[in-house]
*Asks:* 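Let me give you the structure first, and then I'll get to my questions.
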Amino acid sequence: MNSRAEERKGDDIPPAPPSRRRSDAADSVRVLKPRRAAPADAVRPTRAEVNLAALRHNLRVVERNAGGARVWPVLKADGYGHGAPAVARTLERAGAEGFCVALLEEAVELRDAGIRAPVLVMGGYYGGAFEEVVQRRIVPVIYDASHVEGLVRAARALGRPVEAHLKVDTGMARLGVRMGELERFGELLSSAPEVRVTGLMTHLASADAADERSTTDQVARFEEATGRLAALGIRPAVRHAANSAALLRGHARYDIVRPGIAIFGVSPRAQGGDACAFTHELRSVMRVRSEVVDVRTIEAGETVGYGGLFRPSRRRAIATIPVGYADGLSRQLSNRGHVLVRGMRAPIVGAISMDMSMIDVTDIPGVSLGEEIVVLGAQEGALGRDAIGADEVAAHAGTIPWEIMTSISRRVPRFYREP
Ligand SMILES: *Cc1c(COP(=O)(O)O)cnc(C)c1O
């Protein structure tokens, strides 16, 4: 790259914000959002189609199985890669009463998108911006003395009490007040009447496991924590613990449930647990499709792609698709996964490269330039009908469907469909 190109690249980097003290941050939190290819600018045929009707359908399925609890869908990581603002607007109109995200930035994005329902920030990092949290009616999760101090300062500055949900660590060992620290934290809260603990929550480590003992143990500890906090005068109006797997199996539904993956129509199964009831009713929301951009015939002994990982012993028809690992098609699928063409499965052959992959279409007659291919989701084609689920892709890639969904990168434009 020549030096002029380097300079031009440098110009694109936004100037660093002036440094400021943490306490000033509340006035001016500025969140730089990652730019993603907009549908209107899309030239490439690779796109993720997001089916909004399926999203609403899944919300209904979850509501029916929530045991009377309110449903606060989890829209962290850009709504599991589906585009959080569009997903939140659709679900809010369909009756979702609140939302959960991991980051303050994600909550701000939902507010900027016009979402009015409560937004719970589960990650617990607020960068000192507690006034912004309160002013934008974002509900923070707290579990540390610094959270209480920050909220007390914000409450005094704003002249009104502030609301928070308290998180207890019942066995996940990730975030939350440890069981042994409950009384100490409760006393701290008693000395901070400005902070109103309106919710009590925990997170389950193995809600999808075949063996349910770990979940019942966590629920027992959560009940114990509820009682010990009540003895200190802390009696939150709502409690919540259930992710998708827990709620679909009827565990820990309490007053609110926090489904993520189920809302996007994917079965919450990571640890080889049995299929959760009702997951067959869920409909997958995202479909990733592209088109064949080149087709060729290779002879026996020729190789395909980087490293020549595929070397057939017979003549083969090879099609190239413009989907690579930089789009979220895991390189682990090299020589392993499948895509759909004309409604049939074609094996991925050779190494997946950054921008492209090759598929073997020898057994699928009639594949030509511009033919639609599907990497994730269903296809109805001239030769049949089939579907590739996130769980299938995850199994091939040695990971879980959550990672598959959140890996679809920003250069894949999202198209929202209202069928
Ligand atoms: C991600 C997350 C959820 C949702 O989990 P799913 O398995 O996708 O339903 C719920 N609660 C917390 C704290 C989370 O981090």
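Side-chain atoms are counted along with the backbone in the values below, which use heavy atoms only and exclude waters and symmetry mates. Order of appearance sets the numbers: ligands from 1, and atoms from 1 within every ligand.
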*Asks:* On the 0 to 90° scale, with breaks at 30° and 60°, tag the F264-H82 ring pair as parallel, tilted or perpendicular.
*Replies:*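 Parallel: the ring planes of F264 and H82 meet at under 30°.
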
*Asks:* Determine the sole option in R221, Q218, E223 for which the side-chain hydrogen bond (donor to acceptor under 3.5 Å, both in side chains) test with T170 is passed.
*Replies:*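 It is Q218, the one option of R221, Q218, E223 that forms the side-chain hydrogen bond (donor to acceptor under 3.5 Å, both in side chains) with T170.
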
*Asks:* Which residue and atom name correspond to the protein heavy atom nearest atom 9 (O) of ligand 1, and how close is it?
*Replies:*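 Going by distance alone, atom 9 (O) of ligand 1 is nearest to S244 OG, 2.5 Å.
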
*Asks:* Tell me whether P268 reaches ligand 1 (any heavy atom closer than 4.0 angstrom to a ligand atom).
*Replies:*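 So P268 does not count as touching ligand 1.
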
*Asks:* Quick one: nearest non-hydrogen protein atom to atom 7 (O) of ligand 1, plus distance?
*Replies:*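 So the nearest neighbour among protein heavy atoms is W402 NE1, 3.3 Å.
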
*Asks:* Below 4.0 Å, non-hydrogen atoms only: which portion of I261 touches ligand 1? Side chain, backbone, both or neither.
*Replies:*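 The part of I261 near ligand 1 is both the backbone and the side chain.
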
*Asks:* Using 30° and 60° as the class limits, which term best fits the ring planes of Y126 and H147: parallel, tilted or perpendicular?
*Replies:*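 Answer is perpendicular, since the angle exceeds 60°.
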
*Asks:* If we only consider heavy atoms of R174, is any one of them less than 4.0 Å away from an atom in ligand 1?
*Replies:*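 Checking ligand 1 against R174, which is what was asked, there is a heavy-atom contact under 4.0 Å.
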
*Asks:* From the options R258, K76, H240, select the one whose nearest heavy atom is closest to atom 15 (O) of ligand 1.
*Replies:*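 Going through R258, K76, H240 one by one, K76 has the nearest heavy atom to atom 15 (O) of ligand 1.
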
*Asks:* Please say whether more than 12 non-hydrogen atoms of neighbouring residues, nucleotides or ligands are located less than 6.0 Å from CZ in R331.
*Replies:*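 Check fails, neighbour count at 12 or below.
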
*Asks:* Quick check: P259 and ligand 1, any N/O pair under 3.5 Å apart?
*Replies:*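 N/O-N/O distance under 3.5 Å: no.
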
*Asks:* For atom 8 (O) of ligand 1, which protein heavy atom lies nearest, and how many Å away is it?
*Replies:*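 For this ligand atom, the closest protein heavy atom is Y80 OH, 2.5 Å.
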
*Asks:* Would you mind listing which atoms of ligand 1 come within a distance below 4.0 Å of any non-hydrogen atom of M122?
*Replies:*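 Result: 11 (N), 12 (C), 13 (C), 14 (C), 15 (O).
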
*Asks:* Is it the side chain (CB and beyond), the backbone, both or neither of H203 that lies under 4.0 Å from ligand 1, heavy atoms counted?
*Replies:*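 Side chain only; the backbone of H203 stays clear of ligand 1.
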
*Asks:* According to salt bridge (charged side-chain N to carboxylate O under 4.0 Å, His left out), who are the partners of E194, at least two apart in sequence or on a separate chain?
*Replies:*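 Applying salt bridge (charged side-chain N to carboxylate O under 4.0 Å, His left out) to E194 gives R156.
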
*Asks:* Give the atoms of ligand 1, by number and element, whose distance to some non-hydrogen atom of V74 is under 4.0 Å.
*Replies:*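 Atoms satisfying the 4.0 Å criterion: 3 (C), 4 (C), 10 (C).
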
*Asks:* If you draw a 6.0 Å radius around CZ in R184, do more than 12 non-hydrogen atoms from other residues or ligands fall strictly inside?
*Replies:*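 No, because the 6.0 Å sphere around CZ of R184 holds 12 heavy atoms or fewer from other groups.
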
*Asks:* Is it true that D355 and R44 have a side-chain N and a carboxylate O under 4.0 angstrom from each other?
*Replies:*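 So D355 does not pair with R44 through a salt bridge.
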
*Asks:* Would you list the pairs meeting salt bridge (charged side-chain N to carboxylate O under 4.0 Å, His left out) in which at least one residue belongs to residues 339-350, sequence neighbours left out?
*Replies:*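 Output for this query lists R342-E371, R345-D386, R345-E392.
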
